[in-house]
*Asks:* 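Once you've had a glance at the structure underneath, I'll fire off some questions.
Just so it is clear, the model here is predicted, and its values are computed rather than measured. Side chains are part of it too, since the values below use all heavy atoms of this structure and drop only hydrogens, waters and symmetry mates.
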Amino acid sequence: MIARSKARTVVAKTIAAKMVAVLAMLAAAGSPAGATMARAPLPATVALDSRAYVERVSTDLNGRARRVLAAANRLAPGDRVVFVVNYRNRGDAPVRGFYVTNPVPARVRLDMMQFSAAPADMQVSVDGGAHWGRLDDFTIPTPLGGTRRATSEDITHVRWGVHAPVAPGDSGRIAWRGVVR
């Protein structure tokens with residue numbers, strides 16, 4: 001039992017480390033942009049830290065349902081996952097006008113309820129980060145040569161623009177929800 005728990009912890013840490021590595025790689029390359037948007041690479045002084053949690057519902061002593069976040073070391077279809085990306089300005093000068101980009105894991109689809117209430121600076125990509133915009137802006141080619149409107153199942157990346165200045169030492173947090181397919 002203890003060996004399984006340790007193995008799950010190692011797997012969870014490995015997944016978290018890979019997410020951080022992917023985010024760092026995307027940041028180093030700059031966020032891909034569509035034709036109408038300029039590139040805004042992540043400044044070298046901005047550090048990213050990404051974590052994933054599974055949302056569990058438990059019952060308290062009074063019989064009320066309580067939502068709690070737990071380490072996402074074991075997931076099943078239908079689980080609600082919360083991804084949290086923290087950013088911090090480690091430099092000596094304020095930074096602004098950059099994007100925090102997060103790949104959407106293949107087994108996860110974006111929670112549409114969150115997407116419909118998303119701020120205007122949240123954008124999605126359905127083609128691996130080549131083009132960015134609102135989900136309504138995208139169509140997907142079909143096998144018979146036609147097109148269809150993109151759905152949450154098609155989203156490959158999400159990103160948020162950080163337009164307000166982030167002072168030296170300050171940090172921010174972006175969270176988004178998904179559902180395991």
*Asks:* When rounded to the nearest 0.5 angstrom, what is the spacing between CG in L69 and CZ in R80?
*Replies:*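 So the gap between those two atoms works out to 11.5 Å.
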*Asks:* Could you check whether atom CZ of R181 has more than 12 heavy atoms from other residues, nucleotides or ligands sitting under 6.0 Å from it?
*Replies:*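 Check passes, neighbour count above 12.
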*Asks:* Measure the shortest side-chain to side-chain distance between V104 and W176 over non-hydrogen atoms and say whether it is less than 4.5 angstrom.
*Replies:*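 Counting from C-beta outward, V104 and W176 do come under 4.5 Å.
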*Asks:* Can you tell me how far apart CZ (R109) and OG1 (T151) are? Round to the nearest 0.5 Å.
*Replies:*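 Interatomic distance, R109 CZ to T151 OG1, rounded to 0.5 Å: 9.0 Å.
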*Asks:* Checking the side chain of T156 only, and the main-chain atoms of G128 only, is there a donor and an acceptor separated by less than 3.5 Å?
*Replies:*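 Yes; at least one donor-acceptor contact below 3.5 Å.
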*Asks:* Could you give the distance from CG (L42) to OG1 (T101), rounded to the nearest 0.5 Å?
*Replies:*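 So the CG of L42 and the OG1 of T101 are separated by 8.0 Å.
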*Asks:* So, for F138 and G133, which heavy atoms are closest and what is the spacing to 0.1 Å?
*Replies:*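 Closest approach of F138 to G133, heavy atoms only: CZ-N, 3.5 Å.
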*Asks:* Between CZ of R90 and OG1 of T45, what distance do you get to the nearest 0.5 Å?
*Replies:*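 Between atom CZ of R90 and atom OG1 of T45 there are 7.5 Å.
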*Asks:* Just so I know, are the side chains of W160 and V85 near enough to count as touching, which here means a heavy-atom distance under 4.5 Å?
*Replies:*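 The answer is no, as the side chains (C-beta and beyond) never meet within the 4.5 Å cut-off.
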*Asks:* F83 versus N102: any side-chain heavy-atom pair under 4.5 Å?
*Replies:*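 Side chain of F83 against side chain of N102, heavy atoms only: contact under 4.5 Å found.
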*Asks:* Considering non-hydrogen atoms only, spot the tightest contact between G178 and V108 and give its length.
*Replies:*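 Closest approach of G178 to V108, heavy atoms only: CA-CG1, 3.7 Å.
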*Asks:* Can you tell me how far apart CG (D79) and CZ (R107) are? Round to the nearest 0.5 Å.
*Replies:*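 Interatomic distance, D79 CG to R107 CZ, rounded to 0.5 Å: 9.0 Å.
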*Asks:* Please check if the side chain of R134 supplies one atom and the backbone of M122 the other of a donor-acceptor pair under 3.5 Å.
*Replies:*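 Yes, because the side chain of R134 sits within donor-acceptor range (under 3.5 Å) of the backbone of M122.
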*Asks:* Report yes if the side chains of V126 and L135 come closer than 4.5 Å at any heavy-atom pair, otherwise no.
*Replies:*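 SC-SC contact between V126 and L135 confirmed.
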*Asks:* For P94 versus P168, what's the shortest heavy-atom pair and its separation?
*Replies:*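 Taking P94 first and P168 second, the nearest heavy atoms are N-CD, 3.9 Å.
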*Asks:* Does the D60 side chain pair with the main chain of N62, one donor and one acceptor, at a distance under 3.5 Å?
*Replies:*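 Pair found, side chain donor or acceptor close to backbone of N62.
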*Asks:* For R173 and Y87, which heavy atoms make the closest approach, and how far apart are they?
*Replies:*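 That would be N-CE2, 3.9 Å.
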*Asks:* Under a single-linkage definition using a 4.5 Å side-chain heavy-atom cutoff for Ile, Leu, Val, Met, Phe, Trp and Tyr, are V180 and V158 assigned to the same hydrophobic cluster?
*Replies:*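 Yes, because V180 and V158 connect within a single hydrophobic cluster, where side-chain heavy atoms sit under 4.5 Å apart.
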*Asks:* Checking the side chain of S125 only, and the main-chain atoms of H131 only, is there a donor and an acceptor separated by less than 3.5 Å?
*Replies:*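 A pair under 3.5 Å: yes.
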*Asks:* Quick check: do D170 and N89 have side-chain heavy atoms less than 4.5 Å from each other?
*Replies:*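 D170 does not reach N89 side chain to side chain.
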*Asks:* Would you name the heavy atoms of A72 and V54 that are closest together and state the gap between them?
*Replies:*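 Nearest heavy atoms, A72 then V54: CB-N, 3.9 Å.
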*Asks:* Report yes or no: does R88 contribute a side-chain atom to a donor-acceptor pair with the main-chain N or O of G169 at less than 3.5 Å?
*Replies:*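 Yes; at least one donor-acceptor contact below 3.5 Å.
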*Asks:* Is the backbone N or O of R177 less than 3.5 Å from a side-chain atom of D111, with the two atoms forming a donor-acceptor pair by type?
*Replies:*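 Not at all, since once roles are kept as given, no pair shorter than 3.5 Å links the two residues.
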*Asks:* Are I174 and V95 connected, step by step, through hydrophobic side chains (Ile, Leu, Val, Met, Phe, Trp, Tyr) whose heavy atoms are closer than 4.5 Å?
*Replies:*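 Cluster IDs for I174 and V95 match.
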*Asks:* Look up atom CZ in R66 and atom OG1 in T59, then write down how far apart they are to the nearest 0.5 Å.
*Replies:*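 OG1 of T59 is found 10.0 Å from CZ of R66.
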*Asks:* Is any side-chain heavy atom of R148 closer than 4.5 Å to one of D154?
*Replies:*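 Yes, their side chains come closer than 4.5 Å.
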*Asks:* Tell me the closest heavy-atom pair linking D136 and R149, and the distance in Å.
*Replies:*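 Scanning both residues completely, I find the closest heavy atoms to be O-NH2, 3.1 Å.
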